[in-house]
Amino acid sequence: MNERHDPAGRTGSTTPQDGAREDHRPGTRHLETATLGGGCFWCLEPIFEELEGVVRVEPGYAGGHVPNPTYEQVCSGTTGHAEVVQVTFDPQVISYRDLLEVFFSVHDPTTPNRQGHDVGPQYRSIILYHSPEQKATAEAVIRGLEASGRWQDPIVTQVVPFEAFYPAEDYHRRVYRKNPNYPYCQVVIDPKVQKFRKAFARRLKAAGS
């Protein structure tokens, strides 16, 4: 079930990107990348964009077996991809563990292949790690959450190696910012964003930054 539609009726194209994109030039920040899927990427993009230390957030597709998938192909459930956001961040400002703390607070990691009314393998909970350190951190965070008893049902989040990321079509970018009156934004995304802002107020970027 997919209740979302393009607010403007546009189409776009995708191109693959690698997930590292770390800048080692003298005088530049050492940036890292996280690739996370927890339901609709329309919901995750505005949340991670507001975190201090996050440089860029890009919605797209990862975890599948078909190169250069389109949104329609991903929605068919036949490509194996999940909707994800690729988050470029400064680890000196915000850690990978911090990002995962936010990630697990804004979606339900116990519902296989669905988030709310969004149903299908493209909406599964998934962490695609870029290094052995990210893998170890993700597994440790999940063990801690399971031990805490935060959810009655077991966590089903996949922890798999990152292979390829395909940016989403242009009309999937900044949907919440550009279409605040769109019903899906008002009913589904806005409550998540407001809850996130309240829970992580001290980690948000300064206004206007």
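Partners of E45 by salt bridge (Lys or Arg N to Asp or Glu O under 4.0 Å), not counting sequence neighbours: none found. Contacts of E101 classified as side-chain hydrogen bond (donor to acceptor under 3.5 Å, both in side chains), with partners at least two apart in sequence or in another chain: R203. In this view, S105 satisfies the side-chain hydrogen bond (donor to acceptor under 3.5 Å, both in side chains) rule with no residue, not counting sequence neighbours. In this structure R114 satisfies the side-chain contact (heavy atoms from CB on, under 4.5 Å) test together with T111, V119, sequence neighbours excluded. For K192, there are no side-chain hydrogen bond (donor to acceptor under 3.5 Å, both in side chains) partners at least two apart in sequence or on another chain. Partners of V93 according to the side-chain contact (heavy atoms from CB on, under 4.5 Å) rule, which considers only residues two or more places apart in sequence or in another chain, are E52, D90. Residues satisfying the salt bridge (Lys or Arg N to Asp or Glu O under 4.0 Å) criterion with E133, sequence neighbours excluded, are absent altogether. Here S95 pairs with R97, D98 under the side-chain contact (heavy atoms from CB on, under 4.5 Å) rule; sequence neighbours left out. Applying the side-chain hydrogen bond (donor to acceptor under 3.5 Å, both in side chains) test to Y129 and every residue at least two apart in sequence or in another chain returns nothing. The salt bridge (Lys or Arg N to Asp or Glu O under 4.0 Å) check on R143 picks up nothing, with sequence neighbours excluded. For the side-chain contact (heavy atoms from CB on, under 4.5 Å) test, residues two or more places apart in sequence or in another chain that qualify with L44 are F48, V85, V106.
Residues I189 and P46 share a closest heavy-atom pair of CG2-CG, 4.1 Å. Taking both residues in full, the closest heavy atoms of Y166 and P67 are given as OH-CA, 3.5 Å, listed atom of the first, atom of the second, then distance. Nearest approach of T78 to S76, heavy atoms of both residues: OG1-OG, 2.7 Å. Scanning all heavy atoms of the two residues, the minimum distance from G77 to P121 falls at CA-CG, 3.9 Å. When every heavy atom of A82 is checked against every heavy atom of I126, the shortest pair comes out as CB-CG2, 3.9 Å.
Looking only at side-chain heavy atoms (C-beta outward), H130 and Q86 come within less than 4.5 Å of each other. Proximity of Q134 to S131: side-chain heavy atoms (C-beta onward) are separated by under 4.5 Å at one or more points. L31 has its side chain within reach of V55: a pair of non-hydrogen atoms, C-beta onward, lies under 4.5 Å apart. Proximity of P59 to E83: side-chain heavy atoms (C-beta onward) are nowhere separated by under 4.5 Å.
Between the CD atom of Q115 and the NE2 atom of H107 there is a distance of 5.5 Å, given to the nearest 0.5 Å. The CG atom of D118 lies 12.5 Å from the CG atom of N113; values are rounded to the nearest 0.5 Å. Taken to the nearest 0.5 Å, the OH atom of Y61 stands 10.0 Å off from the NE2 atom of H81. Rounding to the nearest 0.5 angstrom, the gap separating the OH atom in Y96 from the OG1 atom in T33 is 10.5 Å. Taking CD1 of I94 as the reference point, atom CG of L51 lies at 4.5 Å (rounded to 0.5 Å). I47 contributes atom CD1, which lies 10.0 Å from atom CD of Q194 (distance to the nearest 0.5 angstrom).
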Open item on the list: F104 vs I127, test: side-chain contact (heavy atoms from CB on, under 4.5 Å). Steps then yes/no.
Closed with: CA-CA 11 Å; F104 280 110; I127 298 170; 4.0 Å; yes

TODO: Might you work through the side-chain contact (heavy atoms from CB on, under 4.5 Å) test for V188 and C40, ending with a clear yes or no?
DONE: CA-CA 10 Å; V188 179; C40 167; over 6 Å; no

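E32 places no side-chain N or O within donor-acceptor distance of the main-chain N or O of F89, the cut-off being under 3.5 Å. Under a 3.5 Å cut-off, the side chain of E169 and the backbone N or O of T70 do not form any donor-acceptor pair. Remark: the backbone N or O of V193 is not paired with any side-chain donor or acceptor of K198 at under 3.5 angstrom.
Counting heavy atoms of neighbouring residues, nucleotides and ligands inside a 6.0 Å radius, atom CD of Q186 exceeds 12 of them.
Below 30°, between 30° and 60°, or above 60°: for Y184 and W42 the angle between ring planes is above 60°, a perpendicular geometry.
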Show me, pair by pair, the donor-acceptor contacts under 3.5 angstrom made by side chains of residues 148-161, not counting sequence neighbours?
from, atom 1, to, atom 2, distance (Å)
S148, OG, L145, O, 2.6
S148, OG, R150, N, 3.2
T157, OG1, S125, OG, 2.7
Q158, OE1, R124, NE, 2.8

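Grouping the Ile, Leu, Val, Met, Phe, Trp and Tyr side chains by contacts below 4.5 angstrom, directly or via other members, places F162 apart from V66. When hydrophobic clusters are built by joining Ile, Leu, Val, Met, Phe, Trp and Tyr residues whose side-chain heavy atoms come closer than 4.5 Å, directly or via intermediates, V187 is grouped together with F196.
Using a cutoff of 4.0 Å between basic side-chain nitrogens and carboxylate oxygens, E49 and R174 are scored as salt-bridged. Salt-bridge check for R173 with E58: passed, with a basic side-chain N closer than 4.0 Å to an acidic carboxylate O.
With hydrogens and angles left out, the side-chain atoms of T79 and H65 include no donor and acceptor closer than 3.5 Å.
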